[in-house]
Peer 1: 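Pasting in a structure now, in structure tokens, and then I'll have a few things to ask.
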Amino acid sequence: MSLTLDTYRLLGRSGLRVSPLALGAATFGTEWGWGAERDAARKLFDLYVERGGNFIDTASTYTNGSSERLLGEFSHDNRESLVLATKYSTLRRPGDPNSGGNHRKTLFASVEASLRQLNTDYIDLLYLHVWDFTTPVEEILRGMDDLVRQGKLLYVAISNAPAWQVSRMQAIADLRGWSPLVALQIEYNLIERTGERDLIPMAREMGLAVIPWSPLAGGVLTGKYSRDDATATNTASGDGTRRSVTIANGALTERSLAIVGVVRDIATELGRTPAQVGLAWTLQNPGVTAPIVGARTLAQLEDNLGALEVDFTSSQLARLDEASAIGLGFPHDMLARDTTRAFTRGDLKVEPRR
């Protein structure tokens, strides 16, 4: 079934309505060596909102703060109609260890900085951005809840964290009466499916919306990279381009390029682009609420939004699943065996030990 940006979905266990594709604002600003200048970013914002989009994602340190500043400028006239999501955790001042991390000091300081940069008096959704393996979960949850009670945050969420920690935090929040987590950001796409092992099932069980970042695997699923790029790992210049970042992240492999080949074939069959096929696939997972799309040009954003209109046949979905399949590992594979199921149902006869 085709979707539109105003086919709103509930965000986790909350009553908040968000678009089925979120607009990523990490491309707002050119401080990182790539991205969109102010006027180009404004056109991206306007197109998304004009089509009914209301869910926009940024972070306090994206493009050294320009992302939030530009978003604050663009959203000034329709702030109440938008769901602005930002994040804290990444280092804001090099050399200052307390300007990053998950602890209370950086949480409060980062939120205040985001409020100034976004030119708003509240943030709709705040994510813990990156798990630091240091801060006690009670400190994180209580700090988040304090900011919600102060009216500076409406909802809280988490990104890039182990499934067992997220589920533990949600249980503690429920038991203490603190603000629950309503969303989980993870890397999820046809190339990176390991979130299916624990993160996505955990999120569904605990009432968190899944918001995939990098649904096109850093551009790999658009088909713009070749095997020549895959062999360029030793010559990546680290020049800050998306290509060098993709190479450095190890996203160009024989497996990923084989998946891209299937994506291209299906795109041809459907009269669509590979990017639309890759994005549309993430929306087939019932645990996914809204993938984040990041574009530098209007043409790229137009193309990405076309993913909402893609309808797969069951055969095409099966081919994509087969090409990108991963092993779920223990205990999932063991629990899925017929012998295990039979044993737990009680209809497997077992000879007594002699």
Side-chain angles (χ1 to χ4, degrees), residues 11-12 18 22-29 31-32 35 55-69 71-72 83-94 96-118 123-137 139-148 152-163 165-166 168-170 173 179-188 192 195 199 203 208-215 218 245 249 289-294:
L11 188 72
V18 297
L23 178 64
T27 57
F28 288 13
E31 285 80 358
W32 287 355
F55 193 19
I56 307 179
D57 182 87
T58 185
S60 60
T61 56
Y62 281 173
T63 53
N64 301 340
S66 285
S67 175
E68 284 191 339
R69 286 189 289 271
L71 186 53
V83 177
L84 301 185
T86 191
K87 312 177 193 75
Y88 90 99
S89 295
T90 50
L91 202 68
R92 290 178 296 110
R93 291 184 303 280
D96 180 357
N98 285 320
S99 69
N102 301 160
H103 52 83
R104 189 179 181 95
K105 181 176 177 66
T106 194
L107 166 61
F108 277 65
S110 185
V111 165
E112 292 297 336
S114 290
L115 290 170
R116 290 192 299 271
Q117 291 179 162
L118 288 167
I123 294 165
D124 296 286
L125 180 67
L126 179 79
Y127 292 92
L128 180 154
H129 198 167
V130 183
W131 191 249
D132 69 4
F133 292 95
T134 300
T135 309
V137 295
E139 179 178 343
I140 297 167
L141 290 166
R142 179 57 189 269
M144 286 178 159
D145 186 65
D146 285 345
L147 289 168
V148 171
K152 295 179 180 180
L153 308 177
L154 300 187
Y155 298 96
V156 294
I158 193 165
S159 174
N160 305 318
Q165 287 284 21
V166 179
R168 176 185 175 213
M169 291 173 73
Q170 194 74 315
S179 300
L181 304 168
V182 299
L184 171 72
Q185 268 199 38
I186 62 170
E187 182 180 6
Y188 183 60
E192 175 51 76
L199 286 161
L208 286 80
V210 173
I211 312 296
W213 58 265
S214 195
V245 171
N249 287 340
T289 298
I292 300 170
V293 296

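All values derive from a computational prediction rather than experimental measurement.
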Peer 1: Going by the side-chain hydrogen bond (donor to acceptor under 3.5 Å, both in side chains) test, which pairs reach into residues 153-163, not counting sequence neighbours?
Peer 2: Asn160-Trp213
Peer 1: Please report the closest heavy-atom contact between Ala25 and Ser67, naming both atoms and the distance.
Peer 2: O-OG, 2.6 Å
Peer 1: Please tell me whether Ser114 and Ser60 have a donor and an acceptor in their side chains that are separated by less than 3.5 angstrom.
Peer 2: no
Peer 1: Return the minimal non-hydrogen interatomic distance between Ile211 and Phe55, and the atom names on each side.
Peer 2: CD1-CE2, 3.9 Å
Peer 1: Take Asp146 and Arg104, measure what side-chain contact (heavy atoms from CB on, under 4.5 Å) needs, and give me the verdict at the end.
Peer 2: CA-CA 10 Å; Asp146 285 345; Arg104 189 179 181 95; 2.7 Å; yes
Peer 1: Hey, mind stepping through Leu153 and Leu126 against side-chain contact (heavy atoms from CB on, under 4.5 Å) and telling me if it holds?
Peer 2: CA-CA 7 Å; Leu153 308 177; Leu126 179 79; 3.7 Å; yes
Peer 1: Taking ring-ring contact (aromatic ring centres under 6.0 Å, His included) as the test, write out the residues that go with Tyr188, two or more places apart.
Peer 2: Trp281
Peer 1: Which atoms form the tightest heavy-atom contact between Ala157 and Met144, and what is the distance?
Peer 2: O-CE, 3.6 Å
Peer 1: Less than 4.0 Å between a side-chain N and a carboxylate O, is that true for Arg116 and Glu68?
Peer 2: no
Peer 1: Nearest 0.5 Å, what's the CG-CD distance between Leu184 and Gln170?
Peer 2: 10.0 Å
Peer 1: Quickly, which of Leu154, Leu147, Asp145 forms a side-chain contact (heavy atoms from CB on, under 4.5 Å) with Ser179? Name it, please.
Peer 2: Asp145
Peer 1: In terms of side-chain heavy atoms, does Thr58 have a donor or acceptor partner in Thr86 at a distance below 3.5 Å?
Peer 2: no
Peer 1: For the atom pair CD (Gln117) and OG1 (Thr61), what is the distance rounded to the nearest 0.5 Å?
Peer 2: 9.5 Å
Peer 1: Sub-3.5 Å donor-acceptor pair from the side chain of Ser66 to the main-chain atoms of Gly29, do we have one?
Peer 2: no
